[in-house]
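In what follows, every chain begins at residue 1, and chains take the letters A, B, ... in the order their sequences are listed.
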Amino acid sequence: MNLFSEIRALVVAQLNALQADGLLPEGLDFVNVAVEPPRDAAHGDMATNAAMVLAKPAKMKPRDIADALAAKLAEDARIQTAEVAGPGFLNLRLAPVLWQDLVAAVLKSGADFGRSDMGQGKRVNVEYVSANPTGPLHVGHTRGAVFGDALAALLDFSGYDVTREYYINDGGAQVDVLARSVYLRYLEAHGQDVAFEDGTYPGDYLIPVGKALKDKVGDAYVGQDETVWLAEVRAFATEKMMGLIREDLAQLNISMDKFFSEKSLYGTGLIEGAIQSLESKGLIYEGVLEPPKGKKPEDWEPREQTLFKSTEHGDDVDRPVKKSDGSWTYFAPDIAYHYDKVQRGYDELIDVFGADHGGYVKRMKAAVSALSGGTVPLDIKLTQLVKLYKNGEPFKMSKRAGTFVTLRDVVDQVGADVTRFVMLTRKNDAPLDFDFDKVLEQSKDNPVFYVQYAHARVCSAVKKAEEAGIDVSDAALNGADLSLLADPAEWAVAKKLAEWPRLVEIAGRTHEPHRVAFYLYELAGDLHSLYHAGKDNAELRFVQEDNAAVTQAKIALARAVAIVISAGLGILGVTPAQEMR
RNA sequence: GCACCCAUAGCUCAGCUGGAUAGAGCGCUGCCCUCCGAAGGCAGAGGUCUGAGGUUCGAAUCCUCAUGGGUGCGCCA
């Protein structure tokens, strides 16, 4: 139940009626007619811009349209008042019974309140994390992981059929480096002294992998040339690293539906097939690229390469798919991977990248546009850097990796719930400050605490009602007489709840899960306000020990808030707190 | 040099894909617990939305240019 769409439907119906009455010309387009919460609550519960949007095409004065529409709307029982204001806004005040109905609807739908069929079951693939399998996940990956996961949940809640996917970059040179690094640890496990030169991974996390390799093959690779062991060790190490990454993700309660291996594209004709598909569209040619302007690479020489004419699909320059020696560039398997996703029949694709891949967006979109003939939209969300702080100081150490802060360093210190919530308190394309102390602080300027506290507060109110001997079971609350919720302060909370389905829709449409976090913060604030109002006005307290019916109505409202908080936190992947400690 | 992202209160940030007097937290100022709901609450001050043009009934939001910051720019993925 979305009250805003309901009232918008009413507005449109009455506009049609005005046309039938000859008060509005025929043939008007109502798509731009919006029903929104007014910025200022004094203007009413909802406002519509219908008169202003239609004034021009109808060749009428906005106020004349607004007056006519107001008269029509006022006939409906749901509309208490309809007033024309400002340049032609129509401010609507809704009948109180609607707020009561809304609370009842929340209780009835439970966690599904706000779920919509906006996506109409369309298949959408959300690719995120996709970190190289060369070590544990670090903070940067963590933000992408949390963002992607919340976006996937949000789309699921909005009626899409979502696949959560991880692309394993196990085909390139970096896994050779990994294999050589593991080999060094393997030698070390045999008691040899080894040196980690530039271009190898010195992290401690490879020590157990080296030992495991020793356990598996004994000394078979000792003293052997890399031609003997490289392929084997690479496969072994990649598998171990993916195990590590899966465990890291599990720390954040993330589980992917699919892991797609880059390696599986090689030697199977898949890359060739994807390139061929582009070639058949005349988008592949042999050519020489212009050198980049400004700072030129030292060893620049013009070379002929196989190029993808990405400029025909919005890119700035054409991109190489083959190196001058004839082998594939990293871009080629990426094209093949996205071709595979297109062929798997997704209606929409979403990639979540780190901001350092920003230069990659246009060519990837160009590739998907070309491969799908423009039928499959690709949205690429970039997550900006996370700056870590501790005691107000920039924080850079890592216990495990020596060089970077890992996902586990963060989760170990503050927990999965806090990590997830905080990572979503910024827009994805804005840098994020993550202060280890602030995120654990119990105060209003810590959104995690504030939202969790609101939920816990409701739990505690329910408990208190039970202790007073009042039946606040689900059945009792469903049957509560909500007309006893008569105070505007209580309606205000219900109004905020009414915005939830609309908020979900907007967040889903814009692929912006952070909106959920901000909404929850506001809703929590409203709940806390109502609670505190009970200090001055005892009639507003949730628990009225001598009046079971009133208590049930108030607890019903509080429970409705908890349900929405819980649903919202569910989308963010955060567990609601039953009590604060 | 080019492309993309960003610029909103002293600080950190929202801002509904064009709506009314631009919001929140922190900080600041002022009130509020001898008692029943202060891990605080209420109220107030604080803004030319970086600048200049443009589009229109209407712009923080869209377009152009400028300024400042971030990211990236053939044989690394």
Visitor: For B:rC13, does OP1 or OP2 lie under 4.0 Å from any side-chain N or O of A:Tyr521?
Guide: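 For A:Tyr521, the contact criterion (side-chain N or O under 4.0 Å from OP1 or OP2 of B:rC13) is not met.
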Visitor: Determine whether the aromatic ring of A:Phe89 stacks with the base of B:rA20, defined as ring centroids separated by less than 5.5 Å and ring planes inclined by less than 30°.
Guide: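 So yes, this residue stacks on that base, both cut-offs being met.
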Visitor: Closest to the A:Tyr330 side chain: B:rC36, B:rC16, B:rC75?
Guide: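 Minimum distance to the A:Tyr330 side chain belongs to B:rC75.
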Visitor: Counting only side-chain nitrogens and oxygens, does A:Lys56 get under 4.0 Å of the OP1 or OP2 atom of B:rC57?
Guide: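 So the side-chain polar atoms of A:Lys56 do come within 4.0 Å of the phosphate oxygens OP1 or OP2 of B:rC57, strictly under.
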Visitor: Is a salt bridge present between A:Arg363 and A:Asp318, judged by a nitrogen-to-oxygen distance below 4.0 Å?
Guide: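 Salt bridge flag = no for A:Asp318 with A:Arg363.
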Visitor: What class does the angle between the rings of A:Phe353 and A:Tyr360 fall in, given that below 30° is parallel, 30 to 60° is tilted and above 60° is perpendicular?
Guide: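 Taking A:Tyr360 first and then A:Phe353, their aromatic rings sit tilted (interplane angle of 30° to 60°).
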Visitor: Does the structure show a Watson-Crick or G-U wobble partner for B:rG40, both distances under 3.5 Å? Name it, or say none.
Guide: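 Pair assignment: B:rG40 / B:rC32.
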Visitor: Just N and O in the side chain of A:Lys427: are any of them under 4.0 Å from OP1 or OP2 of B:rU8?
Guide: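 No, because none of the side-chain N or O atoms of A:Lys427 sits under 4.0 Å from OP1 or OP2 of B:rU8.
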Visitor: Does B:rC63 sit syn or anti, given that only angles within 90° of 0 count as syn?
Guide: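 In terms of base orientation relative to the sugar, B:rC63 is anti.
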Visitor: Only pairs with both distances under 3.5 Å count, Watson-Crick or wobble alike; so what is the partner of B:rA45 in this structure?
Guide: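 Check on B:rA45: unpaired, no WC or wobble geometry under 3.5 Å.
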Visitor: Between B:rA14, B:rG15, B:rA20, spot the one nearest the side chain of A:Pro38, thanks.
Guide: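 Looking only at side-chain atoms, A:Pro38 lies closest to B:rA20.
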Visitor: Return the pairing partner of B:rC2 with a 3.5 Å limit on both distances, Watson-Crick or G-U wobble; otherwise return none.
Guide: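 WC or wobble partner is B:rG72.
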Visitor: Applying a 4.0 Å non-hydrogen cut-off, can you work out what A:Thr329 is touching in the nucleic acid: base, sugar-phosphate, or nothing?
Guide: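 Result for A:Thr329 = nothing.
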Visitor: Can A:His43 be classed as stacking with the base of B:rA20, given a centroid separation cut-off of 5.5 Å and a plane angle cut-off of 30°?
Guide: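 The ring of A:His43 is stacked on B:rA20.
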Visitor: Distance criterion of 3.5 Å, no angle test: do you see the side chain of A:Asn91 paired donor-to-acceptor with the base of B:rA20?
Guide: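 Side chain to base: pair found, below 3.5 Å.
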Visitor: Using purine N1 to pyrimidine N3 plus N6-O4 or O6-N4 for Watson-Crick, or N1-O2 and O6-N3 for G-U wobble, both under 3.5 Å, which nucleotide pairs with B:rG19?
Guide: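 B:rC57 - that is the nucleotide pairing with B:rG19, both distances being under 3.5 Å.
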Visitor: Within the structure, does a side-chain N or O atom of A:Lys362 lie under 4.0 Å from either OP1 or OP2 of B:rC4?
Guide: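 Yes, because at least one side-chain N or O of A:Lys362 sits under 4.0 Å from OP1 or OP2 of B:rC4.
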Visitor: Give none if B:rA24 has no partner; otherwise give the nucleotide forming a Watson-Crick or G-U wobble pair with it, both distances under 3.5 Å.
Guide: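 When the pairing criteria are applied, B:rU12 turns out to be the nucleotide that pairs with B:rA24.
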Visitor: Within the 3.5 Å criterion, strictly below it, is a donor on A:Thr134 or A:Asn132 matched to an acceptor on the partner's side chain?
Guide: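 No.
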Visitor: Centroid-to-centroid, A:Phe436 to A:Phe434, below 6.0 Å?
Guide: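 Aromatic pair counts; centres sit under 6.0 Å.
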Visitor: Which nucleotide, in any strand shown, forms a Watson-Crick or G-U wobble pair with B:rU67, with both distances under 3.5 Å?
Guide: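 Partner of B:rU67: B:rA7.
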Visitor: Go through the N and O atoms of the side chain of A:Arg502 and the base of B:rC16, and report whether any donor-acceptor pair is under 3.5 Å.
Guide: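 Counting by modelled atom types and ignoring angles, a donor-acceptor contact under 3.5 Å is found here.
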